[in-house]
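All chains are named by letter (A, B, ...) in the order of the sequence lines, taking the proteins before the strands, and each is independently numbered beginning at 1.
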Amino acid sequence: MEQLVPAQLTSAGRAALEEDETQVATATRVSLCDRNKKLLHECKEGMLAVTTHHVWWWTPPQPGRNPDEAHAMKLPLQRILKAEAHSSLFRREPRIDLFFASDPSAPLLRFVFRDNKCAEVFERLQTSLARKNWEKPKQVVKRESGFNTQFAGVGGVMRRQQQEREQTANLTTEAFSDLKQLLDSASEIVKLADRFSSAISQNQAKAQAAAAAAAGGSSETVERKQEDDFFALLNDMGIANPATKRACGSRYHEELARELADFLAKHLKRHSATGAIALTDLYCLVNRARGTELISPNDLYQACILMKPLGLNFVLKTFESGVSVLQSISLNDDTVSSRFVELLRDQNDPFTARINAVSVASAFSLSLQLALEQLKTAEKLGYLCRDETAQGVDFYLNLFEHVQIYDEEAPPVPPPVPPSH
Amino acid sequence: MRRNVGVARAVRARKERDAYQGKGAELNRANLEHFQTQMAAFKRELENFAVKHKKQINKDPEFRNKFQNMCSKVGVDPLASNKGFWAEVLGVGSFFYELGVQIIHVCLATRDANGGIIQFEDLLQYLRRIRQRAGRETQQISEEDVQRAIASLEPLGNGLRTVKVGPRQMLVSVPMELSPDHTTVLEAAQTHAGVLSIPVVQRDLGWSQERAARVLDALQAQGMTWVDKQTKDGVPAYEFPSIQLNLM
């Protein structure tokens, strides 16, 4: 057990991967045994994930509980000496034994599988162990250091740049020569592509400015700019551990819900000022981030329904018009209502202070419709009272809750204390 | 005799500067050309690679992830399939789901400019151009394909709606519940003493006629504005009683 180190889950209860880490296999209902092959009581039937760098094991957090309380551990792959898979007709549960350098003769750790993922997990684990991704990737483009008269002066700069160009051209031919090569140089390619595209777009911006100054902008550069913007949306949003139906089985929608919650926690601000996003927009963004592992509209919807029962930070809300949005729970009815009350109390006289859809919409940067809806909800919950006038509907603090009604039969009650100003 | 003074020096200095600048520009041009050819090469190679190694890519989640990462950096749309080129290669799901993602993507990318209302013809043109980027002879997508793709998004609620404005089909991607437009118009009404018209909104906010009309009509449906169709110049005036009364 000492091989496993405590690990951090994301706020939605998934493995918090490192930057270059990719999840390659998952299994549910996996239990842990120690060196005496005894089942560890606190490690029964959890989630297992194999990544390029670790084996993760955790119990998904309970709804409403702090994710830090979840039991999560990981094992750096570099510590594993070898792995063996065992399954037989007579034992019901297939298992994977892990051996460590400290004792090559006996397994110190055993994973017992209740679902049918053992073979797949084992295959991926072997691949990850063989690839040794934790070792530093080799540098492909090297820059000559040290002074050399060949590279001095203007001619030198030109010669050096010429040499760099040749090197990157070589990289392209080499990298795409076979699968393993491309895998090894993938991050190099990404870096180069980043550098190239920013240089190209800078140059385009310059050309565009020049063209605009000369002739009011050509349609071609405008089109290209639009396309760049289009692809800019794709950048830096990738999901390295997409939940898949194949890997998660019956837990697919739950894992998807957790994935969405993590994704929104990270990216919602960039796409929505209001803390709410239409499911259609989300469908596009999350599928772009997943690349080719598309989720269907129906699966997305099913996952959204689960967010509330799972206690995640977002809830599905469907308006009367049929528009569905995911809302951050910071927008829940009671919180928003108390923000309205605060807004009213901040005004001078709580008896005459009033708000309406427009003032609320601009104060909290909500849409008019959403503002109106929230006001009506606050009214329903007893926080506000409406006043319908020719100028429109205004909302006041609900002061009736401070008023007591005298019952003549009942013994006299002391007069009510007016609310403090 | 002293050198390096007077007119001769200034002329020489300028010549030198011009020479350096010329060299600099030459270098930049050479680099830029190189970058562009390399990017094109990346793109071509990625596509060839997908064809050649589709089995391994599909089987290997790590590689799949890296591959996608490269695609997005190099500007290859992994969904720009030819009713299935990439779909076939990478086993991507249904063509209409993919097209759905691309349609919403176009809506998102153009939203700043059009407020979430796009004409069908523009949408189609955009989609065709994006799909052509993948460098294959693209199967033409039709308006019907787009309609079917939108219909396939039905489980996601009414976030996308097609509306007919006169003879033109438009796709609205920002539902009223999430649009800041109505608040913006009410704010504009305040600077115009509580009276607006479609042309005024267009001019003030730089919106299309459709966008302005849509927002004003929605506000009318909510009872926030009344329409006076009998104005002197024949342009309907939208009166905002709440603002006018407040100004009195």
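- Heavy atoms only, all atoms of each residue included: B/E187 and A/S362 are closest at OE2-CB, 3.5 Å.
- Counting only heavy atoms from C-beta outward, the side chains of A/V325 and B/E177 never approach each other to under 4.5 Å.
- Using a 4.0 Å cut-off between charged nitrogen and carboxylate oxygen, B/E62 and A/R124 do not count as a salt-bridge pair.
- Inter-residue side-chain proximity for A/L368 and B/L219 is flagged as met; some heavy-atom pair is nearer than 4.5 Å.
- Side-chain contact between A/T22 and B/K66 is absent, with no heavy-atom pair separated by less than 4.5 Å.
- By number of non-hydrogen pairs under 4.5 angstrom with chain A, the leading residue of B/L160, B/V174, B/L32, B/L186 is B/L32.
- Note that the CG atom of A/L192 and the CZ atom of B/F35 stand 8.5 Å from one another [nearest 0.5 Å].
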Fill in: A/L294 and B/E98: CA distance, side-chain angles, deciding distance, side-chain contact (heavy atoms from CB on, under 4.5 Å) verdict
CA-CA 8 Å; A/L294 275 193; B/E98 278 172 54; 3.8 Å; yes

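- Within the 4.5 Å cutoff, no side-chain heavy atoms of B/H182 are placed close to those of A/Q369.
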Exercise. For side-chain contact (heavy atoms from CB on, under 4.5 Å), just list the numbers for A/R288 and B/Q102, CA-CA rounded to whole Å, side-chain angles, deciding distance to a tenth of an Å, and then say yes or no.
Key: CA-CA 9 Å; A/R288 281 309 195 187; B/Q102 288 175 320; 3.6 Å; yes

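- The aromatic rings of A/F196 and B/F42 lie parallel to each other, their planes meeting at an angle below 30°, with 60° marking the opposite boundary.
- Without hydrogens or angle criteria, B/N158 side chain to A/S321 main chain gives a donor-acceptor distance under 3.5 Å.
- Your options are B/I103, B/T37, B/L153, and the one with the most heavy-atom pairs under 4.5 Å with chain A is B/L153.
- Looking at heavy atoms from C-beta onward, A/S367 lies out of side-chain contact with B/M176 at the 4.5 angstrom threshold.
- A salt bridge links A/R131 with B/D60: the distance from a Lys NZ or Arg NE/NH1/NH2 to an Asp or Glu carboxylate oxygen falls below 4.0 Å.
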